[in-house]
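Everything on this sheet refers to the single structure shown next.
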Protein chains: 2
Amino acid sequence: MKELTSVSVPTVRRLPLYMAILKEIEPTTQYVSSTLISDRLNLEQIQVRKDLAGIGVTGQPAVGFNVRELIEAIEQLLGWDNMRDAILVGTGNLGQALLGYDGFARYGLNIIAAFDSNPEIIGMKIHGKPVFDIEVLSSLTERMHIQIGILAVPSKVAQQVADALIEAGIHAIWNFTPVKLNVNNNIIVEQVDLAASLAVLSSKLKAVNK
Amino acid sequence: MKELTSVSVPTVRRLPLYMAILKEIEPTTQYVSSTLISDRLNLEQIQVRKDLAGIGVTGQPAVGFNVRELIEAIEQLLGWDNMRDAILVGTGNLGQALLGYDGFARYGLNIIAAFDSNPEIIGMKIHGKPVFDIEVLSSLTERMHIQIGILAVPSKVAQQVADALIEAGIHAIWNFTPVKLNVNNNIIVEQVDLAASLAVLSSKLKAVNK
DNA sequence: ATGTTATCGATACTCTTATATCGATAAATA
DNA sequence: TATTTATCGATATAAGAGTATCGATAACAT
Ligand SMILES: NC(=O)c1ccc[n+]([C@@H]2O[C@H](COP(=O)([O-])OP(=O)(O)OC[C@H]3O[C@@H](n4cnc5c(N)ncnc54)[C@H](O)[C@@H]3O)[C@@H](O)[C@H]2O)c1
Ligand SMILES: NC(=O)c1ccc[n+]([C@@H]2O[C@H](COP(=O)([O-])OP(=O)(O)OC[C@H]3O[C@@H](n4cnc5c(N)ncnc54)[C@H](O)[C@@H]3O)[C@@H](O)[C@H]2O)c1
């Protein structure tokens, strides 16, 4: 019954921050306090406690939270306990950077292959990952039961490639293009919205410069 | 007096989405309804109307909002009317992708130069932008009154490079590293948190897979 | 042993954000 | 001209997220 009330999105977004601290201190400490975590992240203790309560972990008064237990709970909630395979489409500027990023392994994400439409790139390996023709997308994806597609193609073809990904059996799209994708609501789309991020920065800067 | 109540962050984050639609329809239409915008973005009309009211634009009942007026209001609020110069530090995988991204111009951001510590890269041009030695950071930045620094260096040196940026007179840091930077609160830090984004995607996928 | 301190859980409260309702306006249509 | 329809603004309500308070617990120092 506990699982019915799902964790809030803001909480989920903070979990990786907690995880980084936990992984760092795990070798040295068995228990951690919400105060320690909140201090490092410039948050309030109470917010950390509430988040942790939200994911179902309970601490011990006057002692703290069991580090190991916390790590396992977060990993399980985020599915970082089992590696998830993903494919990436669009091996341009951004796509190549993502292929070369070793940080994803820490988040349980494993990019097994890339796809592109450019004949000059197809057949190559980029950062050790093979690049296939976008035309053979479905055969590979379906066969290997890949669930996650990373979208890094030019904006004009974003929708069309997204459709192809879904056609090929992808359930979740990590969308790095600024295009608002039109998809069925059984498909999960997570947008990496740089424009939004930049907008926040710009408006704050504007406010300071009065 | 209107400006004292600043626009909320969620609203600011949606403004670029509105802008994209406005720019697209500007040549063909003079007025736009909140319904049209909300339909394209899968939002509620009322939320769009409230956002637009929040930035000080007022529409006409039974007619809609003046497209040109909206564009100008948003551009002004985000400072996208005047190009802002920025510098980028760390020309690795991600830094090079960012240097090659032409989309920033649309957001009023102009990366004028890059900095790195790797002698093999220093002196080169990447996507037309010169790469300087990180050692000469302050001389260039201060002289040209650059306000924005884009941080794309390895995590271990992120704090130290951030300190150098601030020392060199930077007021705002667009932080692509997963490091929580420790800075004075007169410095604006905007974090691009891929881990958070991936966490949201993962948790939703987990939920769907039962 | 006793008191002090750090910590948690539960509950309540506040603030922000999102959503709903409704009357007024003007364009389009009959 | 009268009626219907799409739209906005203002105000109210609901939902969500963050913050505060307080009693209980256990470690540690006196
Ligand atoms: N470069 C950045 O830093 C950056 C930042 C934010 C957002 N983005 C967005 O990411 C996307 C990619 O940007 P980029 O700079 O890497 O562009 P890019 O042009 O460098 O790369 C696009 C790649 O997609 C491939 N491609 C084109 N059509 C295809 C298709 N139908 N199927 C498969 N592959 C196809 C191209 O061959 C190319 O390799 C764009 O939507 C851009 O707006 C990029
Ligand atoms: N590559 C990605 O897709 C990606 C995605 C998300 C986050 N990130 C983060 O972005 C950062 C950079 O990632 P990357 O993959 O580009 O790494 P990278 O190793 O490819 O590039 C880092 C660059 O920084 C330079 N550098 C090192 N020390 C420096 C210093 N003291 N001063 C100036 N420059 C210095 C290096 O010479 C190198 O060119 C990392 O913190 C990473 O976690 C990367």
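So you know, we letter chains A, B, ... as the sequences are listed, proteins then strands, and number each from 1.
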Within residues 22-50 of chain A, find the residues that approach DNA chain D with a heavy atom at under 4.0 Å, and present them sorted by residue number. A:Glu44, A:Ile46, A:Gln47, A:Lys50
Does B:Asn209 form a side chain to side chain donor-acceptor pair (under 3.5 Å) with A:His171? I'd like the steps, not just the answer. CA-CA 10 Å; B:Asn209 289 346; A:His171 294 138; 5.1 Å; no
Step through the shown structure and confirm whether more than 12 heavy atoms of other residues, nucleotides or ligands are within 6.0 Å of CG on A:Asn185. no
Take atom CD of A:Glu69 as the centre, draw a 6.0 Å sphere, and report whether it contains more than 12 heavy atoms from other residues, nucleotides or ligands. yes
Please check this pair: side chain of A:Lys206 against backbone of B:Gln76, looking for a donor-acceptor N/O pair closer than 3.5 Å. yes
Nearest heavy atom decides the nucleotide; on that basis, is A:Ser8 or B:Ala62 closer to the 5' end of DNA chain D? B:Ala62
Name the atoms and distances for all side-chain donor-acceptor pairs under 3.5 Å in residues 94-115 of chain B, with sequence neighbours left out.
residue: B:Gln96; atom: NE2; partner: B:Thr91; partner atom: O; Å: 3.1
residue: B:Asn110; atom: ND2; partner: B:Asp85; partner atom: OD1; Å: 3.1

Checking A:Asp163 now: which residues fulfil side chain to side chain donor-acceptor pair (under 3.5 Å) with it, not counting sequence neighbours? A:Gln159
Quick one: are B:Ile148 and B:Arg84 in side-chain contact, heavy atoms under 4.5 Å? yes
CG/B:Leu22 to CG/B:Asn66 distance, rounded to the nearest 0.5 angstrom? 10.0 Å
For chain A and DNA chain C, what are the first and last nucleotides along the strand, 5' to 3', with at least one atom under 4.0 angstrom from a heavy atom of the protein chain? C:dA6 to C:dG9
Check B:Ile146 against B:Ala86 and note the closest heavy-atom contact, atom names and distance. CG2-CA, 3.8 Å
Sorted by number, the residues of residues 63-70 of chain A with heavy-atom contact under 4.0 Å to DNA chain C: A:Gly64, A:Phe65
How is A:Thr11 classified with respect to the nucleic acid when contacts are heavy atoms under 4.0 Å: base, sugar-phosphate, or nothing? nothing
Scan residues 48-63 of chain A for pairs that pass salt bridge (charged side-chain N to carboxylate O under 4.0 Å, His left out), counting only residues two or more places apart or in two chains. A:Arg14-A:Asp51
